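A short worksheet on the structure shown next.
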Number of protein chains: 2
Amino acid sequence: MSDDSRDLSRRERQIMDLLFRVGRATAAEVREGLPDAPSYSAVRALLRILEQKGHVRHEEEGRAYVFLPVVRRDAARQTALSHLLKTFFDNSAEQAVAALLAIKGEKMSEAELDRMSRLIDAAKKEGR
Amino acid sequence: MSDDSRDLSRRERQIMDLLFRVGRATAAEVREGLPDAPSYSAVRALLRILEQKGHVRHEEEGRAYVFLPVVRRDAARQTALSHLLKTFFDNSAEQAVAALLAIKGEKMSEAELDRMSRLIDAAKKEGR
DNA sequence: TAGCATGTGCTAGAATTTTAGCAATAGTGA
DNA sequence: TCACTATTGCTAAAATTCTAGCACATGCTA
């Protein structure tokens, strides 16, 4: 099982992104979340393929299958974040934070910014 | 031209990521950077398609073409970062910073952490 | 109960992506 | 000069992805 999202085809990636975002979903819910959604049976076929590839598993709820990523969200987000840093930020966390604040800074509460400051302070203390 | 990377096929995405990372590259350089690299002519064919789709353009250096993304890295990274926040962090910058520090915090210099603190302080001031 | 909605497994074909080869040309080094 | 390497434009076929339909089953409602 490769957890490298760069190995995913276009639709596979759309579906994995959606599952990571919402955590778990029926085929119908997956379909609703897809851009240019194909038919219900097309979505199921894709989910079956993702399951065969080991990216997705399903649980039964009543008679419906609910699909969820095999890789936990925590792990997936670290991988994705590392890849983003490498691709767009020359592996610099500082640059990423600057970009983050450029996008979100105006909309963040002071309390939220304070909590972020404290995270950084904690990292400073651990660095010693 | 759609700048949504979720519309890209597997190879297209690998190539775009590489071009964003290094900025510009010849077909041979692109090929060297690809996982499970196909032949030189396969890479060129993919680059030609990416150019036709408007994601990539080329400049001539001597007789060689150098390829670069049409979208500037600044813009691409904001898009990618926004998508990452949405997919994996419930749109929370704070969560993203926490994950970032979890990955990179131990390896960051105190000076770097200070600069990050100052970015956050600046965002606080602008928020008023 | 019948009909509709919603679900599954499966299949196959359409569509797209990926691949590499050919022909021609230019550059380089022995 | 010649042989090799590196480049381009182009083409077509192989491979993969994407799509939807069928048959069957279950659940719900009028």
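All figures in this text were calculated on a predicted structure; none of them were measured in a lab. Protein chains get the first letters and strands the later ones, always in sequence-line order, with residue 1 at the start of each. Quick note: numbers below take in every heavy atom, side chains included, and nothing from hydrogens, waters or symmetry partners.
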Find the distance [X]:[atom1] to [N]:[atom2] and express it as a whole number of Å.
X: A:E60; N: C:dT6; atom1: CD; atom2: C1'; value: 15 Å
X: A:R10; N: C:dA15; atom1: CZ; atom2: P; value: 14 Å
X: A:D7; N: C:dT17; atom1: CG; atom2: P; value: 17 Å
X: B:L8; N: C:dT17; atom1: CG; atom2: P; value: 10 Å
X: A:L34; N: D:dT19; atom1: CG; atom2: C1'; value: 13 Å
X: B:E12; N: D:dT17; atom1: CD; atom2: C1'; value: 13 Å
X: B:E51; N: C:dT17; atom1: CD; atom2: C1'; value: 18 Å
X: B:Y65; N: C:dA26; atom1: OH; atom2: P; value: 13 Å

Given side chains that start at C-beta, do those of [X] and [Y] come closer than 4.5 Å, heavy atoms only?
X: A:L50; Y: A:F67; result: no
X: A:R11; Y: A:L34; result: yes
X: A:V71; Y: A:H55; result: no

Is the closest basic N to carboxylate O distance between [X] and [Y] below 4.0 Å?
X: B:K124; Y: A:D114; value: yes
X: B:R73; Y: A:D90; value: yes
X: A:R10; Y: B:E12; value: no
X: B:R24; Y: B:E61; value: yes
X: B:E51; Y: B:R44; value: no
X: A:R31; Y: A:E29; value: no

Please work out which residues in residues 18-33 of chain B have a non-hydrogen atom less than 4.0 Å from an atom of DNA chain C and list them by number. none

Does a side-chain N or O of [X] approach OP1 or OP2 of [N] to a distance below 4.0 Å, or not?
X: B:K53; N: C:dT16; value: no
X: B:Y40; N: D:dT8; value: yes
X: A:R11; N: D:dT19; value: yes

Which comes earlier along DNA chain C counting from the 5' end, the contact point of A:V66 or that of B:A37, where each point is its nearest nucleotide? A:V66

I'd like to know if A:R63 reaches the base of C:dT8 with its side chain, counting only an N/O donor and acceptor under 3.5 Å.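 Side chain to base: no pair below 3.5 Å.
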
At 4.0 Å (heavy atoms only), tell me whether A:S9 reaches a base, stays on the sugar-phosphate, or touches nothing.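 Sugar-phosphate: the residue A:S9, judged by heavy atoms under 4.0 Å, touches backbone atoms but no base.
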
Heavy atom of residues 41-50 of chain B under 4.0 Å from DNA chain D: which residues?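 Close to the strand are B:R44, B:R48.
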
